[in-house]
Each structure stands twice: as structure tokens, then as C-alpha cells.
Amino acid sequence: MSDPLLNRPVVDAAARLPRSFYVRRTVDVARDLLGKVIRHGSASAKIVETEAYLGTDDAAAHSARGMTPRTRVIFGPPGHAYVYLIYGMHYCLNIVAEPEGVAGCVLIRAVEPTRDMAGTALPSDGPGKLTRALGITLKHYGVDLTRGPITLHDPPDREAFKIGISPRIGISQAAELPLRFYIRGNRFVSREPRR
DNA sequence: GTAATGATCTCT
DNA sequence: GAGATCATTACC
């Protein structure tokens, strides 16, 4: 493979994001997750697109209608994974934000593959595709991202990028709110912004 | 217990 | 533009 994006060095475990990173407003966590590295097993990828889903005041959020067995983790301590099955076939990965007791999570919409078990990049330009590429399923519901098996890290090299903001994709409620964040010009972003 | 729905993706 | 496919939810 000649793709320079592949086979980069594995990030240092010491750069793992601390709990304090997640104990903030959901919008801030969504924006700051851009450029971070997500790891699962030997797979590794850089986050290039996110969406904020605000707790109980956001009609588009699963947590809008209160705590249920599924949304329980969204109200729990930050830095945990909220995974759900959509359309009977795709898993979506969310990162829980806000202090314990306050709902809020960030949907990971696209990642830039940096390494995987086969040494080949799998499609990761969409929320359902990236979970498949990283091997994330419902069994990862509620896992602590400061412990594993899924972990988040600061990138080994700090590349500058510009942040784009747009309305969220694929929702009907609160569809106009500018809660989607992406790295401008990155080719793995799922869609270009609407105008 | 039954029925509607969906933060998607792939193919036509 | 339509179909795939099933966990979760709301309602009986």
C-alpha cells in the first residue's frame, strides 16, 4: 500500500483523553473531538466529523423523552460509549458528555482510517460505516472510554485544520440547529455542507 | 402482547 | 428513489 495515511505509528497510551475532557458542555466536546484518535484493538482512526445531541431540550436527541433502558448511559457519567442499532443493521457510536446526571452525547459521523488489522483502510465516511470498520457493536454499549477496549487519544502529530459547522444530517426534529462539526476539506467527511 | 419507527447504507 | 432488517419504544 502506498497510501501515506496507512501504517502510521500507534499513538502512545499516555495520550489517552482524561475524564475531565468529557465533563463539559456537549457542543464543546463535539468540536474538540475533531482530530482525536479512536482505537479499538489494532484499528485506529482520526475523528473528522461529529454531531452534538443535547440532553432533554433537543427534540432530535434520544434522551429528549427522558431516561429509558436504552438512554440510561446518556444520563450517566461522561466518557462512556452510547451505542445503538439503527434501521436494523447499522451501529452508531456516541460519546457521553456533561457531568453525571446531565444528558448529552456526541455522535461520531466519520473517521479517517489510519490502521487496521489487515493493514487496509475500510470505508469510514459515515456513522454506520465507521463502526463496522472499527468492529464496534451493541456489546460495547456503556463501555468506559478511559479504560477500554475502545479508547480515545490525542493525535501523535498536531496538524492544523479549520472547523466547519452545519446543521445535523438525517434528522427531522430541530433540523436547523448548527450542531454538526467537521474538518474542512477532509476527504473522509460524509458530506459537504449545504448552502 | 402488537405495531410503528428510525442520528443509515447500498443498489437501481 | 426504494428496500433491507431489528432493537427499542409506545400503546393496548
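The basis for the numbers below is simple: all heavy atoms, side chains too, and nothing from hydrogens, waters or symmetry mates. Proteins come first, then strands; the chains are lettered A, B, ... in the order of their sequence lines, and each starts at number 1.
- A:T26 places no side-chain N or O within donor-acceptor distance of the main-chain N or O of A:Y53, the cut-off being under 3.5 Å.
- Under a cut-off of 6.0 angstrom, the local environment of CZ in A:R132 is sparse, with at most 12 non-hydrogen atoms contributed by other residues, nucleotides or ligands.
- At B:dT8, one or more side-chain N or O atoms of A:R109 fall inside 4.0 Å of OP1 or OP2 (strictly under the cut-off).
- Neither OP1 nor OP2 of C:dT9 sits under 4.0 Å from any side-chain N or O of A:R65.
- Rounded to an integer number of Å, the gap from A:R132 CZ to C:dT5 P is 14 Å.
- Here B:dA7 presents its P atom at 9 Å from CD1 of A:I171, a figure rounded to the nearest Å.
- Listed for the A:T50 side chain is a donor-acceptor partner under 3.5 Å among the backbone atoms of A:A30.
- The listed nucleotides are B:dC9, B:dT8, C:dC6; the one nearest the side chain of A:Y87 is B:dT8.
- By the 6.0 Å and 45° rule, A:R72 does not stack over the aromatic ring of A:Y141.
- Looking only at distances, no side-chain donor or acceptor of A:H62 sits under 3.5 Å from a matching main-chain atom of A:T71.
- For A:M89, counting side-chain heavy atoms from C-beta on, the closest listed nucleotide (C:dA4, C:dT8, B:dC9) is C:dA4.
- With hydrogens and angles left out, the side chain of A:Y84 and the base of B:dA7 share a donor-acceptor pair within 3.5 Å.
- Annotation for A:R19: atom CZ counts as buried by contact number, over 12 foreign heavy atoms lying within 6.0 Å.
- Rounded to an integer number of Å, the gap from A:R72 CZ to C:dA7 C1' is 15 Å.
- The pair A:R31-A:D28 meets the salt-bridge criterion, since a charged nitrogen lies less than 4.0 angstrom from a carboxylate oxygen.
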Derivation and outcome, side chain to side chain contact (heavy atoms under 4.5 Å, CB included), residues A:Y22 and A:I95: CA-CA 8 Å; A:Y22 307 100; A:I95 313 295; 3.6 Å; yes
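- Residue A:I95 contributes atom CD1, which lies 14 Å from atom C1' of B:dA7 at whole-angstrom precision.
- The separation between A:L85 atom CG and B:dC9 atom P is 13 Å, rounded to whole Å.
- The shortest side-chain heavy-atom distance between A:V73 and A:M67 does not fall under the 4.5 Å cut-off.
- When the C1' atom of C:dA7 is taken as reference, atom NE2 of A:H140 falls 18 Å away, rounded to whole Å.
- In DNA chain B, runs of at least 3 stacked Watson-Crick or G-U pairs (N1-N3 plus N6-O4 or O6-N4, or N1-O2 plus O6-N3, all under 3.5 Å) give these stems: B:1-6 with C:6-11, B:8-11 with C:1-4.
- Comparing atom distances between the A:H62 side chain and each of C:dT9, B:dA7, B:dT8 picks out B:dA7 as nearest.
- Residues from residues 53-60 of chain A lying near DNA chain B, meaning a heavy-atom separation below 4.0 Å, are A:Y53, A:A60 in numerical order.
- Listed nucleotides: B:dC9, B:dG6, C:dT9. Nearest to the side chain of A:H90: B:dC9.
- Transitive grouping of hydrophobic side chains (ILVMFWY, heavy atoms separated by less than 4.5 Å) brings A:L130 and A:I150 into a common cluster.
- As judged by a 4.0 angstrom heavy-atom cut-off over every strand, A:G88 is placed among the base-contacting residues.
- Residue A:R70 is classed as a sugar-phosphate contact, given heavy-atom separations below 4.0 Å to backbone atoms only.
- For the pair A:Y82 OH and B:dA7 P, the computed distance is 9 Å after rounding to whole Å.
- Counting to the nearest Å, the C1' atom of C:dT9 and the CE atom of A:M67 are 16 Å from each other.
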